[in-house]
Amino acid sequence: MIQVCARNIDDVWFGLACAEPQVFATSFGKSEQEVLGNLLDSLPFNVPFQVYSTPLPFAQNALSSLKTIYDGEDKNFHFTLAVEHLPVYTQRALKATRQIPAGYVTSYGSIAKVVGGGPRAVGNVMANNAFAPLVPCHRVVKSDFTLGGYGGGLKVKYQLLCREKRGFTAEDTVDVEGKEMSIYPVEFALKRLDSIFSRKLPF
DNA sequence: TGCAAACCATAAC
DNA sequence: GTTATGGTTTGCA
């Protein structure tokens with residue numbers, strides 16, 4: 001039985017669908033309804049679930065971990081994500097996305113380079129990411145370092161990235177299935193935005 | 001800058 | 001099977 005629950009922390013709703021020790025979906029947003037809706041949309045077709053008003057300890061712990069990530073802190077969580085029901089390509093793209101450390105971003109194209117397929121296919125996977133912000137799809141931007149899109153809204157994506165500033169200055173790479181994927185300081189993207197909208201952001 | 005065409009996995013018909 | 005749909009990219013005027 002999958003446990004579905006949501007909790008408000010510092011005025012943000014965080015949601016989780018899990019069956020200890022597996023996490024089936026995560027979500028966050030500004031209303032409980034929005035978050036629960038996202039979770040239910042992400043659940044595999046006909047698995048039984050139950051909505052809990054008071055989350056069990058495992059869920060409580062996972063929910064506060066989401067809040068930690070939301071705040072831009074960089075603890076290493078090792079949750080087991082339930083992805084078997086997803087297409088293989090989707091699994092690989094999500095896995096690559098998980099390798100992007102806080103403080104860095106990469107592009108849809110860079111991910112495509114290591115997992116195959118094309119940039120738009122990667123964009124599709126991000127758009128359907130059932131594990132935000134646990135799988136940090138907010139760290140994936142366009143090749144010109146503008147933001148691209150975000151399910152929760154561009155403002156949210158921008159704010160998440162701002163909190164993850166680490167002061168890195170150089171391009172780097174991470175290992176994804178034996179291949180090197182390029183990553184870039186998040187500042188590259190933030191500065192790019194500043195230069196385009198020297199005063200006002202478009203949101 | 002702006003626009004058109006190529007790109008590619010999925011979901012929906 | 002086929003078509004439609006993107007959180008893209010690249011090239012060219």
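A, B, ... follow the sequence lines: proteins, then strands. Residue 1 opens every chain.
- For L86(A) and dA11(B), the CG to C1' distance is 13 Å, given to the nearest whole Å.
- With dG7(C), dT8(C), dC8(B) as the candidates, the nucleotide lying closest to the side chain of A121(A) is dC8(B).
- Cluster annotation: L190(A) is connected to V141(A) through the hydrophobic network of ILVMFWY side chains, with a link wherever side-chain heavy atoms come within less than 4.5 Å.
- G118(A) comes within 4.0 angstrom of sugar-phosphate atoms only, judged by non-hydrogen atoms across all strands, and of no base.
- Among the atoms of the strands shown, base atoms are found under 4.0 Å from some heavy atom of G151(A).
- Place R120(A) and V88(A) on DNA chain B by their nearest nucleotides, and R120(A) ends up nearer the 5' end.
- Rounded to whole Å, the distance from CD1 on I100(A) to P on dG7(C) is 17 Å.
- Atom NZ of K155(A) is separated from atom C1' of dG7(C) by 19 Å (rounded to the nearest Å).
- The side chain of S143(A) contributes an N or O atom lying less than 4.0 Å from OP1 or OP2 of dT9(C).
- When rounded to the nearest whole Å, the span between CE of M126(A) and P of dT5(C) equals 22 Å.
- Atoms OH (Y150(A)) and C1' (dG6(C)) sit 17 Å apart, rounded to a whole Å.
- Salt bridge K67(A)/D71(A): present, at least one basic N to carboxylate O contact under 4.0 Å.
- Not one side-chain nitrogen or oxygen of T90(A) sits closer than 4.0 Å to the OP1 or OP2 atom of dA9(B).
- Across all strands shown, dC7(B) remains unpaired; no Watson-Crick or G-U wobble contact has both distances below 3.5 Å.
- When all heavy atoms of Q3(A) and P55(A) are compared, the closest pair comes out as OE1-CA, 3.3 Å.
- Rounded to whole Å, atom P of dT9(C) lies 7 Å from atom NZ of K142(A).
- Across all strands, V125(A) comes closer than 4.0 Å to no nucleic acid atom at all (heavy-atom distances).
- F45(A) places its CZ atom 14 Å from the P atom of dA11(B), with the value rounded to the nearest Å.
- Using a 4.0 Å cut-off between charged side-chain N and carboxylate O, E187(A) and K165(A) make no salt bridge.
- When the nearest nucleotides of DNA chain C are assigned to D144(A) and N124(A) by heavy-atom distance, the more 5′-ward of the two goes with N124(A).
- Here dT10(B) presents its C1' atom at 16 Å from CZ of R92(A), a figure rounded to the nearest Å.
- Taking the ring centre of Y70(A) as origin, the terminal cationic atom of R163(A) falls inside the region bounded by 6.0 Å and 45° from the ring axis.
- On a pure distance criterion of 3.5 Å, a polar donor-acceptor pair joins the side chain of Y108(A) and the base of dG7(C).
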